[in-house]
Amino acid sequence: MIVAQNSENNATITAEKQSSKKTMVQKANMKKALIYLVFIFASTNWSCDKQDKCIDVDCFTPPPPFVFELVDKTTGENLFTSGVLSSEDIQIVNLDDNSNVEFQFIDENDFNVIRIYSIGWKTQTITYSIEISSERLFTLFVDAERLSKNCCAFTRYNEIEIDGSEFELNGLSGIYKLLVE
């Protein structure tokens with residue numbers, strides 16, 4: 001009887017050891033699984049954070065247009081307002097490929113200006129000839145760089161040159177007043 005009891009105790013002890021081993025293996029597997037899940041969660045959140053940090057930011061700055069007022073050098077009078085020049089005679093030519101450049105002529109309340117709005121939407125260098133009746137008034141050279149910083153796109157003008165005419169730049173309005181003789 002003692003033998004049988006001892007045998008039962010040994011079986012119980014062996015079963016307890018196996019159960020204990022299973023529990024330890026299960027705990028180790030759970031730790032590994034938990035570490036794996038934490039790693040997956042963290043890497044997913046970090047990568048999404050980098051990709052999605054601008055998703056809720058509504059920031060877009062269009063490039064400022066180039067606006068030109070042509071005035072008489074002596075009197076300061078606008079040449080379109082006075083009738084010396086006609087807006088129908090304006091032509092802007094891209095000197096790189098001789099194509100015509102789109103522009104807008106604004107004539108409101110005797111305020112007559114030429115507006116070029118196509119420069120600076122991308123990184124580019126342009127050279128335009130602004131002409132009246134096929135006569136070149138001036139040449140515009142612009143080196144524009146389109147940038148993005150802190151989720152906002154914007155344009156930086158690295159260089160702007162106006163050749164062939166004297167001019168004044170109004171820093172507040174951004175209008176170039178060209179002094180025509």
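A quick note: this is a predicted structure, and the numbers were derived from the prediction, not measured. Starting from 1, each residue takes its place in the sequence as its number.
- Considering every non-hydrogen atom in both Asn170 and Leu172, the closest pair reads OD1-N, 2.8 Å.
- Looking at every heavy atom in both residues, Asn158 comes nearest to Glu145 through ND2-OE1, 3.2 Å.
- Between the side chain of Tyr157 and the backbone N or O of Pro64, at least one donor-acceptor pair lies under 3.5 Å.
- Applying the ring-ring contact (aromatic ring centres under 6.0 Å, His included) rule to Phe138 yields the partners Phe68; only residues at least two apart in sequence or on another chain are considered.
- Looking at Thr123, its side chain does come within 3.5 Å of a backbone N or O of Arg146 through a donor-acceptor pair.
- When only modelled atom types and interatomic distance are considered, Asp163 and Thr139 share no side-chain donor-acceptor pair under 3.5 Å.
- Screening Asp107, Asn112, Asp110, Asn109 for a side chain to side chain donor-acceptor pair (under 3.5 Å) with Thr81, the sole residue that qualifies is Asn112.
- Considering all non-hydrogen atoms of both residues, Ile126 and Asp96 come closest at CA-OD2, 4.4 Å.
- Rounding to the nearest 0.5 Å gives a distance of 9.0 Å between CG of Asn78 and NZ of Lys177.
- Pairs passing the disulfide (SG to SG under 2.5 Å) check and including a residue from residues 115-146, sequence neighbours excluded, do not occur.
- Residues satisfying the ring-ring contact (aromatic ring centres under 6.0 Å, His included) criterion with Phe105, sequence neighbours excluded, are Phe80.
- Per the SG-SG cut-off, Cys152 and Cys59 are bridged by a disulfide [distance under 2.5 Å].
- Rounded to the nearest 0.5 angstrom, Phe103 CZ and Ile90 CD1 are separated by 5.0 Å.
- For the pair Ser129 (side chain) and Arg136 (backbone), a donor-acceptor distance under 3.5 Å is absent.
- Gln124 places a side-chain N or O within donor-acceptor distance of the main-chain N or O of Gly120, the cut-off being under 3.5 Å.
- Using modelled atom types and a 3.5 Å distance limit, the side chains of Glu88 and Ser86 yield a donor-acceptor pair.
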Derivation of the side-chain contact (heavy atoms from CB on, under 4.5 Å) call for Asp72 and Val84: CA-CA 9 Å; Asp72 182 281; Val84 173; over 6 Å; no

